[in-house]
Every structure is written in C-alpha cells, then in structure tokens.
2 protein chains.
Amino acid sequence: MVGREWKAVWVVGNATERRDIPDATVSRLPEYLRALTTLIEQGVASVSSEELASMVGVSSAKLRKDLSYLGSYGVRGVGYDVDHLSYQISLALGLTRTWAIAIVGMGNLGRALAAYNGFASRGVEVMALLDHHPSVIGTQIAGLTVEPFADLPRIARERGIAIALLATPARSTQEVADAVVAAGITAILNFAPISIDVPGGVQVRNVDLATEVQILAFHQQQRARGSADAAGALAEVLP
Amino acid sequence: MVGREWKAVWVVGNATERRDIPDATVSRLPEYLRALTTLIEQGVASVSSEELASMVGVSSAKLRKDLSYLGSYGVRGVGYDVDHLSYQISLALGLTRTWAIAIVGMGNLGRALAAYNGFASRGVEVMALLDHHPSVIGTQIAGLTVEPFADLPRIARERGIAIALLATPARSTQEVADAVVAAGITAILNFAPISIDVPGGVQVRNVDLATEVQILAFHQQQRARGSADAAGALAEVLP
DNA sequence: GTGACTTTGTGCATTCGTTCACAAGGAAGG
DNA sequence: CCTTCCTTGTGAACGAATGCACAAAGTCAC
C-alpha cells in the first residue's frame, strides 16, 4: 500500500519520503557518515556492520537497525558498499545540497566557529558573520567580513540562510533569537547557557559546554563514591 | 523502609547515596540548576514545578519525576525552595567541590574554551592549557600559560586534573587521548570530529559541531519535504 | 549447480523514558 | 480545629529505543 506510493516517488525523482526515522537514529547518522568518509579516504570499498559499528562505538545490531530505516542497502554475506551507503545517508540527512548558515556573535566562540573547518566538507557553508558591536563590524574573520546584525533580514533572504548559530552572551540571546526568527530563520543552534523561547515550528538545539562537563563530573563522582562505599559502609558500623 | 535508611545516612554525613539516577535525568539536572541560579540572582525564593519547567522548556511532570530521584525537596501546595533545591542538585551532580580540568589543543576552539567564562560559576576550573606546538607553548591565554603537552602526567598529578577537554585536530586526537588516559585522567570531553577508543572505565562524551548542524538540517529538510508534498502529489497526478 | 559460509534485515522481548492522572500532604483562612 | 485549596510525588499506562537471535539472501569455491 504505502510501498507502491513510495516506489512511485522513488522512480519519479529525488524526494524519497522515508517513514519517520527515529530521533535516536537521526542523531547517529552523522557519525556513521563521518566514519564512512574516513573509509572513502582510505580507499576502502566495502564494510560490514560489525566493522563500521566498532568504528563509531555502537553495537552492530543497532547500526543495522538504524540503517534499515533508510532502506536495504547492504548485501547479505558481504556488507555495505561504502560509497553507496555514504550517499544514501547524505540523502537521508538532506546533505546532497549545501546548507547556508549564519553565525551570530563574534566573541571567542563565534570566531572559533567561523574558523572551524569541519563544516565545508559536511554540507554546511558559513555564509555570514554577524555582530552588533561597531568595533567588530567590518573586520575580517576566517575570510569573511563581519556584518551588522541589523542587516540579518536582508542577508538571510539574499543568501538563503537556513540555520543560525548563536554564540552570543546569555543575557542578549533571547533578544537575538527573536530577531533571528523574525528574519525567517527556523533552525537555531544555541551555544549560550540559557534556554530560549521560540514560536512553534522553529527548531532549537542547545550546546552548553558547562553542562557537558557537569555531566562528566557527575559520573566521576558516582565512581568515586562507589569505590568509597566499602570504606563508608565499614565506617558506619562503628559508632 | 528505604526512608529510614536514607535518613540515617543523611544524618551521619554528606555522601548520601542516591539510587541510580537515570541518564536522561542527569543530563537535565544541569539545566535545572542553571535556571535556579537565574532565580537566585533575581531574588526569587520559591518556585513551582510548573514555573521552573517552563523556564527550561520541559513538562512539569517530567521535572517533578526528575527531582523525585534526588529526594523529596518540594512542599506540596507551595513548590520548591529555590536555594535548597539548587543546593540539592549541586550535591547530586557533585558540584559542591570544584572540578579541575585541562584543555588540550590551543587552536581556535581551544582558545575559545579557555576564555569561556561559564565554567567558573558552575563548579569547573580550568587548571591547565596544553599544546605540543613550540610556537604556542609559553604564550598567555585567558590568564594562563600554555604548557607542553608532554608535561601532562606531572601536571595532572600535581593539580588533580579530573577531566580533559580535547580540542585537537582529528588526526592526532586518538594519540592525544591515549596520552591523557595514560596520565590517569578518566573523563574526556572530545570536540574533535572523530570517535576515540579508550579503555573501559574511561568516560568519553563527544561534542561535534557539524553533527549538530546536520541534525538540524535533517529536520529542516523533513519539513520542506512535508510542505512540498502537497505540490508534489499534485505534480504526480499530471503526466 | 550445489552446498557451505557469511552477514544482513527484522520480529520479539526487554529495558528505558515519558506522560497521565490522582491520592497524599501541607498551607492558609476562618 | 476543620475545611478548602493548591501543588507535589508517584503508581500505572504508554511509547521509544535497545538488544537478541535467527531466517533470509546473498557470495564463493568447486
């Protein structure tokens, strides 16, 4: 039933509608893609689920299940064709086109993001650097000129910016986010340590450096506690 | 039953053993803590689960369940005491002490991390900046002197470094990770776009900027596809 | 061709996480 | 002291994600 419809779309063109890929799977696809890119560079033509899974540190069953949501691109008894699988994942993720992004906030983090060279090779192009501070506007960073934040609406329209990276101070971030949304951008990657309010239909992901460290700290402490427990239990027996 | 035992431990001392807090909950605790800190700054003394939940963008039921893993710190009919809850979360996360971290790799990202001022207020102190490139060693960044990566074992020992942040180029990251582990550090926050192999017992979290953007791109594309479907379906009817 | 061998794809069971809905507990006012 | 009101804390239902185990489907050697 759905199968036939799907095939039709497939034959007709590009926009192959895949049924709801689970979120957990989506978040792993970029890692698989990264590993496959490495294999391509090494000239490896074929890979088994076991090998690929160990490269990214997941179980082979999980990997196979993840890939099965995209379709059946493996060959039983052999494995996956590296090039083809890489292409299919790119397709699923929507990376056969380039995504234009803008970085807002040219502090230390904004500069680092601007200079980050992991974007270009992975379907993402930095198309604008924005700040509202006059002393930064007009300066060159990583080959781009910093432009006034107030120009975002025009810039977003002209260059087709689809995603904004916010590397602004916490206190002004909500305001910036509002302006970004008003400029018609519907996807935000927020690096500020604050959670922002956006209208429905706008996507936000947060990356908070301190949060990550705190999660590590928690587990470290758990472990310390665990090894202290033997001694602790003993101590409690004594009055 | 458990209550009594728990109380005993509480009375005796500090190391209150909390039963397995779920991972999903742990990853949200830092956000609750952040919101509570904001409330403290604003002089708010008490908060309901509804209010706090909306601040961090989760449902109030989820918030209450999360907090219930730490214990019963709310007052029915009233809400939570902001100071006390903040303290309890800090305690649970192990943030009543300061965690010494080292940053390895003084490229753009490493510098940005070194200058990041969100750490100090959240129980994390940057105690060492390391690089192996002679031209960077000895320079000052954010008030610290960059030291040779080769000195890590001594530095880690002397300063009690518990966590390492890796901001190194992808190709040298595995090697660096090996050295970090050899220096006795058992928690790593990896910013390099590569997955690293570590011995059991060593904790790794990955933060990959391009991955985050790709996940956003996926959802953007899904949405574009969705709205194109009406037109697409129509187009398919025509020959 | 045919049989032995390898590795995928997936149904099923299980574990983990979220949501619902309400009883329990406490405050506040008369 | 008693009643009313509000919000927590949590069992129970649900849903998502993971892990297991094996049939299905292919390759390759002969």
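Each chain gets a letter, A, B and so on, in the order the sequences are listed, and its residues count up from 1. Below, each value reflects all heavy atoms present in this structure, side chains not excepted, and no hydrogens, waters or symmetry copies. These figures come from a predicted structure and were not determined experimentally.
- Atom CG of Leu52(A) is separated from atom C1' of dG9(C) by 16 Å (rounded to the nearest Å).
- Side-chain N/O atoms of Lys65(B) and base N/O atoms of dG17(C) include no donor-acceptor pair closer than 3.5 Å.
- Taking atom OH on Tyr73(A) and atom P on dA25(D), their separation rounds to 18 Å, with Å as the unit.
- With hydrogens and angles ignored, a donor-acceptor pair under 3.5 angstrom links the side chain of Arg76(A) to the base of dT8(C).
- A distance of 12.0 Å separates CD1 of Ile21(B) from CZ of Arg28(B), quoted to the nearest 0.5 Å.
- Side-chain nitrogen and oxygen atoms of Ser48(A) include none within less than 4.0 Å of the OP1 or OP2 phosphate oxygen of dT7(C).
- Comparing Val78(A) and Arg64(A) by the nucleotide of DNA chain D whose heavy atom lies nearest to each, the residue mapping closer to the 5' end is Arg64(A).
- OP1 or OP2 of dT18(C) sits under 4.0 Å from a side-chain N or O of Arg28(B).
- In this structure, Tyr80(A) and Val75(A) have side chains that are not in contact, with every pair of non-hydrogen atoms separated by 4.5 Å or more.
- Atom-to-atom, CG of Asp23(B) to P of dA16(D) comes out at 20 Å; the value is rounded to the nearest Å.
- Between Asp208(B) and Arg122(A) there is a salt bridge, since at least one side-chain N of the basic residue sits less than 4.0 Å from a carboxylate O of the acidic one.
- In this structure, Ser49(B) does not reach the dT7(D) phosphate: none of its side-chain N or O atoms is under 4.0 Å from OP1 or OP2.
- Using a 4.0 Å heavy-atom criterion, one finds that Ser59(B) contacts the sugar-phosphate atoms exclusively.
- The distance from atom OH of Tyr69(A) to atom P of dA16(D) is 11 Å, rounded to the nearest whole Å.
- The separation between Ile21(A) atom CD1 and dT18(D) atom C1' is 18 Å, rounded to whole Å.
- We find that CG of Leu67(A) is positioned 13 Å from C1' of dT10(C), with the value rounded to whole Å.
- When the side-chain nitrogen and oxygen atoms of Tyr80(B) are compared with OP1 and OP2 of dG9(D), one or more of them lie within a distance under 4.0 Å.
- For the pair Tyr73(B)/His84(B), a side-chain contact is recorded, criterion being any heavy-atom separation below 4.5 Å from C-beta on.
- Distance from the side chain of Ala61(B) is smallest for dC20(C) among the nucleotides dC20(C), dG9(D), dA27(C).
- Rounded to a whole Å, the CG atom of Asp66(B) is 13 Å from the C1' atom of dC16(C).
- Rounding to whole angstrom units, CD of residue Glu51(A) and C1' of dT8(C) are separated by 14 Å.
- A heavy-atom distance below 4.5 Å is found between the side chains of Leu209(A) and Tyr116(B).
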